[in-house]
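Numbering of ligands and ligand atoms starts at 1, following listing order. Atom set for the values below is all heavy atoms of this structure, side chains included, hydrogens, waters and symmetry mates excluded.
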Amino acid sequence: MRESWQEHFAESPDVLLGVDGRRTIVQVRDVLVGGDEFVVMAGPCSVESERQLMAAAHHVRRAGARVLRGGAFKPRSSPYSFQGLGLEGLKLLACAREATELAIVTEVMSEDDVSLVAEYADILQIGSRSMENYSLLEAAARSGRPILLKRGMMATIADLLRSAQIILDNGNRNVILCERGIRTFETAIRNTFDAAGIALLKQVTHLPVIADPSHAAGNRDLVPALARIGVAAGADGLLVEVHPDPDKAWSDGEQSLDFAGFDAMMNALEPWMEWRATALRAEKHEPLECAGLGCAEARG
Ligand code: PEP
Ligand code: MN
């Protein structure tokens, strides 16, 4: 007999969707992640300067983002690459929040930095490279801040859910899962975007799931298509890298959208948002409006 999802993910019982179908909605300031709104989190890979961050923050807010992303502590593939501005970066993020009212998501890489980052950030990001750092997960969970948990680049869905379970075990139910691409034998594309993983996570867990098309693609030309696929797979939002001048970015410039590219992506997502709203209403068995006909039809 085929193994059930419940059996497959038995080590993470508290993150699995129950028979009552109740889903977790993570509230971050005035933003609800995992509800009806598709939440776009956008901004530069790294916080570089006040000018860069403010320009990005104002632009992404005008284009519809609800959360500003930006790394102050950066995990880099090379130890000789820019490692982030640290505390100065956190202060700039707080200024950007003050100016735009966007909520802030930023990565914490070390247990020692959890309380400092939690002082400034609205959401703590656990990066791909840290997903299995259980002592970091425990400390981050205990800060009480919502956690954006990125899937490790070599982690299975079961590994991701085990890490989420550890956060719940430490008293924090506000977990947002993030698919950001995994390593496969493909070399033309930085990572392989696991759309089926998003669909599966939405079927088996009650936690919100967002898609990061930027780190999955590694190339800005692919980002809008992966963003659309993320919506179609059932994601609750996106995490996207946007930079005022991507070719001069201190990290991940090749996958960062410029402002025009971000606007074009957001516009291209509009019909997909309409499809999503219809799909959510159908899932909840809410009546569908029949435009212009003055009638309502129940979908079940
Ligand atoms: C990032 O969001 O900039 C980042 C480093 O992501 P990941 O952990 O997915 O590589
Ligand atoms: Mn990045």
Do Ile176 and Gln125 come close enough that some side-chain heavy atom pair is under 4.5 Å?
no
Mind checking whether Glu241 has an N or O less than 3.5 Å away from an N or O of ligand 1?
yes
Please name the atom of Glu241, restricted to N, O or S, that is closest to the Mn ion (ligand 2).
OE2
Can you list the ligand 1 atoms lying under 4.0 Å from a non-hydrogen atom of Cys45?
3 (O)
Ignoring hydrogens and geometry beyond distance, is a side-chain donor-acceptor pair present between Asp14 and Gln165 at under 3.5 Å?
yes
Can you report which non-hydrogen protein atom sits closest to atom 6 (O) of ligand 1, along with the distance?
Lys150 NZ, 2.8 Å
Gln125 to ligand 1, any heavy atom closer than 4.0 Å
yes
Begin from the C-alpha positions of Asp194 and Arg151 and carry the test salt bridge (charged side-chain N to carboxylate O under 4.0 Å, His left out) through to its verdict.
CA-CA 10 Å; Asp194 187 8; Arg151 180 177 177 185; 2.8 Å; yes
Decide whether Asp252 and His243 meet the rule of one side-chain donor and one side-chain acceptor closer than 3.5 Å.
no
State whether a side-chain donor-acceptor pair under 3.5 Å links Arg190 with Gln255.
yes
Selection from Cys178, Ser214, Ser128 by shortest heavy-atom distance to atom 8 (O) of ligand 1
Ser128
With the Mn ion (ligand 2) at the center, what angle do SG from Cys45 and NE2 from His215 span, rounded to 10 degrees?
170°
Return the option from Met131, Arg180, His215, Gln255 holding the heavy atom at the smallest distance from atom 9 (O) of ligand 1.
Arg180
Quick one: does Arg69 get a heavy atom under 4.0 Å from ligand 1?
yes
Can you list the atoms of ligand 1 that are under 4.0 Å from a heavy atom of Gly127?
8 (O)
Taking 4.0 angstrom as the limit and counting only heavy atoms of Arg129, give me the atoms of ligand 1 inside it, by number and element.
7 (P), 8 (O), 10 (O)
Could you tell me whether some N/O pair between Asp252 and ligand 1 is separated by less than 3.5 angstrom?
no
Considering only N, O or S atoms, which atom of Asp252 is nearest to the Mn ion (ligand 2)?
OD2
So, do Met153 and Met131 sit near enough that their side-chain heavy atoms are less than 4.5 Å apart?
no
Are Asn133 and Ser130 linked by a side-chain donor-acceptor pair shorter than 3.5 Å?
no
Within the 3.5 Å criterion, strictly below it, is a donor on Glu186 or Thr192 matched to an acceptor on the partner's side chain?
no
Checking side-chain polar atoms at under 3.5 Å, does Ser12 have a donor or acceptor matched by the opposite partner on Arg162?
no
